[in-house]
Amino acid sequence: MRNYLGRRALLGLAQVLTLAVAVFLLVEALPGDAAVALAGDDPDPGRIERIRASLGLDRPIPERLLDWLTALAHGDLGTSVVSGRAVTDIIGAGLGVTATLAGATLVLLVPLAVGLGVLAARRPGSRLDRGLTAVFIGLHAVPEFALAILLVAVFGIGLGWLPPTAVGVDPLLDPVVLLLPLVVLLARPVCSISRLVRASMITANGAEYVRHAHRLGLSARRVRLAHALPNALAPAATQLARTTDWLLGGVVVVEAVFVLPGVGTVLVDAVAARDLPVVQGLALLFATTTVTVNLMADALSFRLAPRAGVGV
C-alpha cells in the first residue's frame with residue numbers, strides 16, 4: 001500500500017504544479033488588469049502605464065510566472081495590489097470562518113449520511129425506504145441559494161429563532177450564526193451520499209460473502225456493520241471527496257447570502273477589485289485542496305476495498 005500511496009502522492013504533486021501554472025495563465029488571460037481598476041474611472045492612459053510598471057505587470061509573462069512559482073516554493077503567494085497586504089494574510093483572515101463551516105459540515109455529514117443510508121437499506125421498498133428516497137430526491141433538487149433564502153425568510157425573519165445574517169457578528173465568537181448556513185451546506189450532500197450508501201448496502205447484502213456470514217450464525221447487526229458496510233463505504237468515500245470539492249463552491253454562495261466573512265467573500269471582493277494575486281492564491285488553494293482530498297479519498301477507498309492488480 002505504501003508504494004501505491006507514494007505513486008498517488010507524486011501524481012498529486014504533479015497535478016498541483018500543473019494547476020499552479022494553469023491558474024496563472026488563466027488569470028493572465030482575463031480581460032483588463034489591476035492597473036485599470038486602480039487607475040479609477042476614465043483614467044489617463046499614461047497613469048495606467050505607470051501603475052502597470054510599478055506593479056511589474058509590464059514584464060514578460062514567462063518571467064513573472066517563474067517568479068511566482070519560485071515564491072510559491074517558499075510559501076509566498078504574493079502581495080495584494082489593492083491593499084498591499086500579503087495574500088496569505090488576506091486568505092488567512094477569512095479561512096477561519098470557512099474552515100469552521102466546512103469542517104462542521106463534514107463532521108456531521110458522515111455519520112448522518114451513512115446512518116440514513118444504512119437505515120433505508122435495511123428493508124428496500126418499505127415505506128421508510130420510499131419516504132426517505134422521496135425526501136432525498138426532493139431536497140437534492142433545491143439549489144443552495146434558494147434553500148438559504150427560504151431558511152432566512154422562515155427562521156431568521158419570520159420566526160426570529162436564528163440570526164438571518166452575520167452582519168455585525170463574529171461567527172467564531174457567536175457560532176449560532178453558522179447554524180442556518182450549516183443546514184444549507186448539509187442538505188444536498190446528505191441526500192446524495194445517503195442514496196449511494198443505500199444502493200451499495202443493498203448490493204453488499206446480496207453478495208455471497210454476506211450470505212456466508214449469515215450461514216455461520218453471525219448476528220444480522222454484526223454482518224451489516226462489520227461485513228457489508230465497509231464495502232459500501234468505498235464508493236461513498238469517493239463521493240465524499242466530490243462533496244468536499246462542491247463545498248468549496250457552495251461556501252461561496254452561502255457566505256454571500258448570509259454575509260459571512262470567509263474566503264468566499266474574499267474571492268468575490270478580489271474579483272470585483274481585479275486583485276489578481278488574491279484571485280490566484282484562492283484558486284491555487286481550492287485546487288490544492290481538491291487534489292489533497294481526492295488523494296485521501298482514494299487511499300481510504302483502497303484501504304476499504306483493495307483493488308485487484310494494484311501492487312501494495
Side-chain angles (χ1 to χ4, degrees), residues 8-9 11-30 34 65 68-69 71-83 85-107 109 143-145 148 171 178 181-182 184-186 188-189 192-193 237-258 260-299:
R8 292 292 299 158
L11 177 60
L13 184 61
Q15 289 175 330
V16 170
L17 180 59
T18 303
L19 287 169
V21 175
V23 164
F24 183 88
L25 296 179
L26 287 173
V27 170
E28 287 295 326
L30 293 175
L65 173 59
W68 189 62
L69 293 177
L72 283 181
H74 295 85
D76 182 8
L77 295 177
T79 304
S80 167
V81 298
V82 175
S83 65
R85 297 170 57 197
V87 173
T88 51
D89 292 341
I90 295 175
I91 295 177
L95 196 58
V97 173
T98 300
T100 300
L101 188 57
T105 301
L106 293 175
V107 168
L109 171 62
E144 298 84 21
F145 73 89
L178 298 178
L182 185 60
V184 175
L185 290 176
L186 276 172
R188 298 188 75 186
S192 59
I193 295 179
T238 302
Q239 181 62 30
L240 183 62
R242 297 194 185 101
T243 299
T244 304
D245 298 343
W246 170 85
L247 277 175
L248 297 176
V251 163
V252 175
V253 176
V254 169
E255 288 181 357
V257 174
F258 292 99
L260 292 169
V263 294
T265 302
V266 173
L267 177 60
V268 172
D269 292 343
V271 171
R274 304 291 301 174
D275 199 346
L276 300 187
V278 176
V279 175
Q280 289 174 339
L282 286 171
L284 185 61
L285 172 65
F286 292 163
T288 304
T289 302
T290 298
V291 171
T292 303
V293 168
N294 279 279
L295 176 61
M296 295 171 60
D298 198 35

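Scope of the values below: all heavy atoms of this structure, side chains included, with no hydrogens, waters or symmetry mates.
Within the 4.5 Å cutoff, no side-chain heavy atoms of D269 are placed close to those of V266. Looking at heavy atoms from C-beta onward, L260 lies in side-chain contact with L178 at the 4.5 angstrom threshold.
We find the OG1-CG distance between T105 and L185 to be 4.5 Å, quoted to the nearest 0.5 Å.
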Taking only distance into account, with no hydrogens and no angle test, what donor-acceptor pairs under 3.5 Å do side-chain atoms of residues 90-100 form with protein atoms, sequence neighbours excluded?
residue : atom : partner : partner atom : Å
T98     : OG1  : G94     : O            : 3.3
T98     : OG1  : E255    : OE2          : 2.6
T98     : OG1  : V263    : N            : 2.8
T100    : OG1  : G96     : O            : 2.7

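Between P181 and V254, the shortest heavy-atom distance links the atoms CB-CG1, 3.4 Å. Summarising the geometry of V184 relative to A148, their closest heavy-atom pair is CG2-CA, 3.7 Å, with the distance given to 0.1 Å.
The side chain to side chain contact (heavy atoms under 4.5 Å, CB included) check on A14 picks up nothing, with sequence neighbours excluded. Applying the side chain to side chain contact (heavy atoms under 4.5 Å, CB included) rule to T18 yields no partners; only residues at least two apart in sequence or on another chain are considered.
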